[in-house]
Amino acid sequence: MDRIRIRGGKPLSGNIPIGGAKNATLPLMAAGLLSDGPLTLENAPDLADIATMRALLVQHGMKVEHDKAQRRLVLSGAAENLEAPYDLVRKMRASVLVMGPLVARFGEARVSLPGGCAIGTRPVDLHIKGLEQMGAVFDLEGGYMHAKAPGGLRGATIIFPQVSVGATENLLMAATLAEGTTELVNAAREPEIGDLAMCLMRMGARIEGIGTDRLVVEGVKRLGAATHPIIPDRIEAGTYACAAAITGGTVLLEGARMVDLGAVVRTLRECGVDVAEETEGLRITRKNGLRGADVMTEPFPGFATDMQAQFMALMCVAEGASMITETIFENRFMHVPELTRMGARIKYHGQSAIVRGVPKLSGAPVMATDLRASVSLVLAGLAAQGETIVNRVYHLDRGYESLERKLSAVGAEIERV
Ligand SMILES: CC(=O)N[C@H]1[C@@H](OP(=O)(O)OP(=O)(O)OC[C@H]2O[C@@H](n3ccc(=O)[nH]c3=O)[C@H](O)[C@@H]2O)O[C@H](CO)[C@@H](O)[C@@H]1O
Ligand SMILES: C=C(OP(=O)(O)O)C(=O)O
């Protein structure tokens, strides 16, 4: 199995191109089920999760062409098989995003329950309740959610008791083809949801309130073809910002947007890192020592949970103590024991961790159980003395395209072995 080998201690310098956002591309691909298309998605990343979503849509009966050279996905055709099988849903939770579009367009879907995952239990009750409010009837059988709405979905007012990115996306897509008006209250406001809404509008949907926590959707009879550019990946950008910061370098993140990274940028500045907006993207520079800072993860526009592990790696070598509180997922500190093996001083209890900065980390063989925990070990390895080997590289391949190529191009000593 592939591993990543890093020899730390090299300040990064140069440009890193930021790809299209994984977490925008996955729902956008699911939206392809809402029309015969073609739906053309520009700036598509080449990631394992995108291949999994492609396999899922293809087994539903759609045609999905991925032109990797042109960074373009073209989706067309209509689903014939309405079942999302366990093997694919288990591999990638975002597979449940096919449920809303399938029920809305074809009146039925059978989607495997995803089960828990490394970062938490992650139930899908809000997705189910919302579709029930829109008239779908659910049976749970053999580990599958079987939803039926033979007469189609109807608009409803859905008030989310807690903010959910996936449930907002599923119900937003479903609402575009429902009869009448759907109101989504306390909706998630992540940039990926705005991107999905923009694409749905291009396909002919009628949506108001984009960018706010109240989305109002007027259902239409059918959606059509569209071409949509995917937004840049703010988590990939944030991760490479931490790479520049932890190595004391200067990197231009080509294509990254300040508007998506407000809370991360504010925290980096608090730690003594310079962040400047340039025409081509964001420039991250760290000249002096890092200072510790406290962080609490929250729904957007708060600090993203998908940046928590990377930030913790940074705080391991910052001066003073930092308190990191994870409020979104109940089990998202799996990187702590591995960072500790590299010499970090971290204590955690419940949802909070205290990181006491040390002058140096030391390289070690490490592994993690999820995507962002894995990349936090890469960041720690970039700063550590000696060699770090990161195992289970398949986690990284879910969300970071050409990670080792992008980092070695700016001076890191990193390779896949
Ligand atoms: C593919 C994708 O875009 N993944 C992102 C998405 O995941 P995902 O859409 O799964 O995350 P949610 O926003 O739905 O989850 C937030 C919280 O709500 C809970 N919850 C969610 C749905 C539900 O029906 N019931 C329920 O209790 C979850 O267990 C979690 O504790 O948003 C997360 C939070 O920003 C990110 O970390 C993930 O990277
Ligand atoms: C948690 C993540 O993804 P997923 O929701 O697909 O597990 C992530 O991108 O960090």
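Computed from a prediction, not measured in an experiment: that's the story for all the values here. Whatever order the structure lists them in is the order used to number ligands and atoms, beginning at 1.
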Is there a nitrogen or oxygen of N23 sitting under 3.5 Å from a nitrogen or oxygen of ligand 1? yes
Return yes or no for this condition: an N or O of E169 is under 3.5 Å from an N or O of ligand 1. no
Around ligand 2, what residues show up once you keep those with a heavy atom under 4.0 Å from it? K22, N23, I119, R122, D306, R332, L371, R372, R398
What residue and heavy atom of the protein are closest to atom 17 (C) of ligand 1, and at what distance? Q162 NE2, 3.7 Å
Enumerate donor-acceptor pairs with a distance under 3.5 Å from any side-chain N or O in residues 202-213 to protein atoms, sequence neighbours excluded.
unit_1: R202; atom_1: NH1; unit_2: H228; atom_2: ND1; d: 2.7
unit_1: T212; atom_1: OG1; unit_2: G209; atom_2: O; d: 2.6
unit_1: T212; atom_1: OG1; unit_2: R214; atom_2: N; d: 3.1
unit_1: T212; atom_1: OG1; unit_2: R214; atom_2: O; d: 3.0

So for D306 against ligand 1, with non-hydrogen atoms under 4.0 Å, the contacting part is side chain
Given A167, G302, G166, P123, which has its nearest heavy atom closest to atom 22 (C) of ligand 1? P123
Check I328 against ligand 1 and report side chain, backbone, both or neither, counting heavy atoms closer than 4.0 Å. both
The test is salt bridge (Lys or Arg N to Asp or Glu O under 4.0 Å); show your working for E404 and R416 and say whether it passes. CA-CA 7 Å; E404 60 279 18; R416 191 176 285 242; 2.7 Å; yes
Is the NZ or CZ atom of R110 positioned over Y144's six-membered ring, under 6.0 angstrom from the centre and within 45° of the axis? yes
So if I count the atoms of ligand 1 from 1 in the order they appear, which ones are less than 4.0 Å from some heavy atom of R122? 7 (O), 8 (P), 10 (O), 29 (O)
Is the backbone N or O of G19 less than 3.5 Å from a side-chain atom of D233, with the two atoms forming a donor-acceptor pair by type? no
Indicate whether any N or O donor in one side chain lies under 3.5 Å from an N or O acceptor in the other, for E298 and T327. no
Which of the listed options, N170, D125, T168, holds the heavy atom that is closest to atom 25 (N) of ligand 1? D125
So, for F311 and F303, is the gap between ring centers shorter than 6.0 Å? yes
With rounding to the nearest 0.5 angstrom, report the NE2 to CZ distance, H335 to F333. 6.5 Å
Can you sort out which atoms of ligand 1 are near T305, meaning under 4.0 Å from one of its heavy atoms? 34 (C), 35 (O), 37 (O)
With a cut-off of 4.0 Å, which atoms of ligand 1 are near a heavy atom of H127? 24 (O)
With heavy-atom distances below 4.0 Å as the criterion, list the atoms of ligand 1 near R332. 37 (O)
Purely on distance, is any nitrogen or oxygen of V165 under 3.5 Å from one on ligand 1? yes
List the closest protein heavy-atom neighbour of atom 11 (O) of ligand 1: residue, atom name, distance to the nearest 0.1 Å. F329 CZ, 4.0 Å
Do Q310 and T239 meet the criterion of a side-chain donor-acceptor pair at a distance under 3.5 Å? yes
Looking only at side-chain N and O atoms, does N23 offer a donor or acceptor that is under 3.5 Å from a partner on E192? no
Assess, by modelled atom type and distance only, whether the side chains of E326 and T305 contain a donor and an acceptor separated by less than 3.5 Å. yes
Is it true that T325 and Q351 share a donor-acceptor pair across their side chains at a distance under 3.5 Å? no
Is L126 in polar range of ligand 1, meaning some N or O pair under 3.5 Å apart? yes
Can you tell me if H127 and N170 form a side-chain donor-acceptor pair at under 3.5 Å? yes
Under 3.5 Å: N/O of S164 near N/O of ligand 1: yes
Distance alone, cut at 3.5 Å: any donor-acceptor contact between the side chains of T285 and T250? yes
Checking D46, D49, D370, D306 against R398 for salt bridge (Lys or Arg N to Asp or Glu O under 4.0 Å), the one that qualifies is D49
State the atoms of ligand 1, each with its element, that fall below the 4.0 Å cut-off from a heavy-atom position in V124. 23 (C), 24 (O)
